[in-house]
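Note sheet for the following structure.
All figures in this text were calculated on a predicted structure; none of them were measured in a lab.
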Amino acid sequence: MIRSSYKDKIHPNKNIGVFVCKCGHNIAEYIDVQEVVDEVKKDEVVKIAVFDEHTCSLAGQQRIKDAIKEYNLDAVVISACSPKVHEGTFQKCIKEAGLNESMLSISNIREQCSWAHGHGKKTDTAPITEKAIDVTKMGIERAKYLTPLEERFTDVVTHAVVIGGGIAGIQAALDIANSGYKVTLIEREASIGGKMAKFNKVFPTNDCSACILTPKMNEVAENQNIRLLTLTEVLDFKGSIGDFTVTVNKKARYVTDACTFCDTCSQWCPIKIPNPFNMDMDNRKAISRVFESAVPARYYIEPDYCTKLLKDKCGACKIKCPVDAIDFTMQDELEDIKAGAVIVATGFKAYEPINELTHLNYGNSKNIITLLTSERLLAANGCSGGELWRPSDMTIPNSIAFVLCVGSRDEQVNFEACSRACCMATIKNASLVKERYPDTNIAIFYIDIRTFGKGYEEAYIRAQKLGIRFIKAKPASVRVKPGTESVIVEYEDFLTPQGMKPVRKEEFELAVYATGMRPADGAVELGHMLGLSTDKYGFFMEAHPKLRPVDSTVDGIFLAGTCQYPKDIPDTVAQSSGAAAKVINLFSKGQIKAEPAWAQIPKELCSGCRTCETVCPYNAIHMTQENGKMYAEVNPNLCKACGLCSATCPTGIINAPSYCDEALYAQIQLAFR
Amino acid sequence: MVLAEQNISDTEKLEFQPKILGFVCNWCSYGGADAAGQLHLNYPVNTRLIRVMCSGRVDPQLMIDALKKADLVFVAGCHLPNDCHYKTGNHFARTRVTLMQSTLHHLGINPERLQMIFISPSEAKEFASAMKELTEVASNLGPNPLRIENENEEQVKIL
């Protein structure tokens, strides 16, 4: 740590080339690149300093390659956009010119300079150019101390794990399996299918959701390359790209695969519990199936309710089962699964305005329901025979109010985002009811109608022609009419014609709230386990919002579906196939480049104090003995080059390549002119 | 020589352009800084950032070295407790900054000249606000005596 020697050390690299980029006008608008080039040339170690329109272009890259050969450069400095954008591009470029990939230093004069400080024509550009010069000089200092690092490769385990068995996980698993690689699909419920299994019809085609989903679910069950683990949750996660270890808990189902799905057990079970598949609107038994097309096609027992499991009473299901498929002795089982890549497809949770948006009185009437509940009511396999009835008295309503954007686009609940699918889902459900019962008074209260997709605008036009009232208003309140279970909506109609009263009160027999999407329960915790970044809403962050929408911020982990951001089914399926393609790409190479840098500990200088061993987060440092002396040794396959040991070593002898003490100290010296 | 913070007048404060030097971790805070630029969120041009792989890389010696060149130094890392890309580095950074702040206090240097901030890659606004806030803190503190002393020593060496 305290090492005066690094301040005087002579730098190894003496022929440095500096390439400054104008990036069109992105950089050139606020930075005088000519001045940057002129200033840095003054350092005699800089043998060539030039600027280009676009250094990353083929012409720009050729210029770098030519300069490496002509000036016998030992290190290259690029002063341009963030290294996170083009580090790979320039590493490949210098490698092609015969230079070691690690002899590259990139200074950020775009994202962290011109873009952050420029603000139009009135900007004083002199300090910004001064900063660009300082930052470029810092990059040159770093380049002086770079050392060539040997490329290392590790084998990729060509087995993928997909976490989440909704349509996103199902599609991704099928794509990977059909390419010949093995997949383990992990789902925490007793059946795959996710939210899509709950929908009645899907927009804009009004296909029956279960009818298009179940063939895919069956494909998963039959595909030889897919191992399906249901009632399974991820407990722990280790490793890095190509070599992950996913520790899962496979919960006991208490029903073997001899089960023929005959339903005898369920009929004899005396324990009734609310059925979450139908949003608790009806009951099921302690032994039951999730829904009639469940995959795997086996019943399961809820251990929190089954009296046989809790207090050894009953067991009727086992006695009555015609194929003896029930086994109360089953136990939860832990398993470590090795995987080369992971796809996270944990889906979403429907928002419910509980203790929030109290002016909407959600929970104060049985006839105020969410969009997802309306899906279950309209579904043929729901508890109402496919009728969107009033849950309070099971009658068909004469009037329905659909309220959009409940809990979305709303600063009050800290969710400014749009949940993307609710406009279409609401229009679909409203249209289905209006076609069936044309006399129903249906009103959709909206801020905007977002029918952006293929066939969506046409569905919106059709809905208007059916006579559905679209009212541009965010209801000020939805109150329960005393003595009834109807609601009174108070609203101000933004499109009221001149001369008419804009503020209205209207009674409806049923209210459906288009509550938006939130990350699924447990998603944020899973993200922590995997090391994923989340945005402020808890959705998983993609590596780059434009160019890398399926990569997560962790190499080897990909994202699919609504866990990354609210979206509809076509976008989900597309993203899943995209994630699968990335996995297949990774597997087809068989190997990936490992981190070339690893901590260097010169054994003759090590005092054997073991401080580094204690702090290494990856247990990559172990003590070894030679000639009676104990010293620290780094395992290059475990070391991630974080530099923690380097900062901690009391003798200051540990070298963190590319970010060594010398380089950091030199950068500090030149930070300000 | 006894170092002590000098009180500067308000007019001097207005003219004074502080130098802010920051160590940013590659994964979270560097990403946040990039995000701020992508959204063209403006912050003062007084800042210079040094990229490290992990905030845990920054040892106290480097913090002192930086304080000899800048008026305010900060270490930026991933959020506590679990976000560090290397699991524990940000904890070490936090502890080291706290200890160094205490040491600075004993040296007669205002400990506010050394700060620890936490930025995630999606926190563009927070990064820009932090830079603005730190620049303002540095402006109010005035020139750093450690930096001035170092500059004087270097002048002496040249002479």
Please state whether the side chain, the backbone, both or neither of [X] comes within less than 4.5 Å of a heavy atom of chain A.
X: B/Ser55; result: neither
X: B/Phe23; result: side chain
X: B/Asn46; result: backbone
X: B/Leu67; result: neither
X: B/Leu49; result: both

[options]: which one forms the most heavy-atom pairs within less than 4.5 Å of chain B?
options: A/Ala641, A/Cys645, A/Gly527, A/Pro617; result: A/Pro617
options: A/Gly643, A/Gly118, A/Ala116; result: A/Ala116
options: A/His528, A/Gln112, A/Glu111, A/Arg110; result: A/Gln112
options: A/Gln667, A/Arg142, A/Lys536; result: A/Gln667
options: A/His119, A/Glu130, A/Lys84, A/Met138; result: A/Lys84

Against chain A, work out which of [options] has the most heavy-atom pairs shorter than 4.5 Å and name it.
options: B/His79, B/Met131, B/His40; answer: B/His40
options: B/Val73, B/Ile64, B/Ile20, B/Val52; answer: B/Ile20
options: B/Cys84, B/Ala70, B/Ala33; answer: B/Ala33

Rounded distance [0.5 Å steps], [atom1] in [X] versus [atom2] in [Y]:
X: B/Cys54; Y: A/Lys640; atom1: SG; atom2: NZ; result: 13.5 Å
X: B/Ile50; Y: A/Leu664; atom1: CD1; atom2: CG; result: 6.5 Å
X: A/Ser533; Y: B/Glu123; atom1: OG; atom2: CD; result: 10.0 Å
X: A/Thr534; Y: B/Asp83; atom1: OG1; atom2: CG; result: 7.0 Å
X: A/Phe539; Y: B/Ser122; atom1: CZ; atom2: OG; result: 13.0 Å
X: B/Arg51; Y: A/Ser107; atom1: CZ; atom2: OG; result: 10.5 Å

Query raised in the report: Counting only heavy atoms not in B/Glu136, do more than 12 sit closer than 6.0 Å to its CD atom?
Result: no
Report task. Answer yes or no: are there more than 12 heavy-atom neighbours, outside A/Glu416 itself, under 6.0 Å from its atom CD? Result ->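 It does: A/Glu416 CD has more than 12 such atoms within range.
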**Report entry** Side chain proximity check, B/Gln61 to A/Tyr665, heavy atoms < 4.5 angstrom
**Finding:** no
Under 4.5 Å from any heavy atom of chain B, what part of [X] do you find: side chain, backbone, both or neither?
X: A/Ser658; answer: neither
X: A/Ala671; answer: both
X: A/Cys616; answer: neither

Heavy-atom closest contact ([X] atom, [Y] atom, distance):
X: B/Tyr86; Y: A/Tyr618; answer: CA-OH, 3.2 Å
X: B/Met53; Y: A/Cys642; answer: CB-O, 4.1 Å
X: A/Ala647; Y: B/Arg96; answer: CB-NH1, 3.6 Å

Query raised in the report: Should the ring pair A/His117 and B/Tyr43 be called parallel, tilted or perpendicular, given that the plane angle runs from 0 to 90° and is split at 30 and 60?
Result: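 Rings of A/His117 and B/Tyr43: perpendicular, over 60°.
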Report task. Just do the side-chain contact (heavy atoms from CB on, under 4.5 Å) check on A/Asp661 and B/Asp59 with the steps written out, would you? Result -> CA-CA 10 Å; A/Asp661 284 331; B/Asp59 65 58; 4.0 Å; yes
Query raised in the report: Are any side-chain N or O atoms of A/Lys131 and backbone N or O atoms of B/Arg48, one a donor and one an acceptor, separated by less than 3.5 Å?
Result: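 Side chain of A/Lys131 to backbone of B/Arg48, a donor-acceptor pair under 3.5 Å: no, none is there.
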Query raised in the report: Got a donor-acceptor contact below 3.5 angstrom from the B/Arg57 side chain to the A/Tyr659 backbone?
Result: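 Confirmed, B/Arg57 side chain pairs with A/Tyr659 backbone.
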**Report entry** Working for side-chain contact (heavy atoms from CB on, under 4.5 Å), residues B/Leu21 and A/Phe672
**Finding:** CA-CA 9 Å; B/Leu21 190 51; A/Phe672 301 95; 4.2 Å; yes
Query - Full working for side-chain contact (heavy atoms from CB on, under 4.5 Å) between B/Asp34 and A/Asn108 - result: CA-CA 9 Å; B/Asp34 275 354; A/Asn108 188 338; 2.9 Å; yes
Report task. Evaluate the criterion side-chain contact (heavy atoms from CB on, under 4.5 Å) for residue pair B/Thr88 and A/Val615; output intermediate values, then yes/no. Result -> CA-CA 8 Å; B/Thr88 50; A/Val615 300; over 6 Å; no
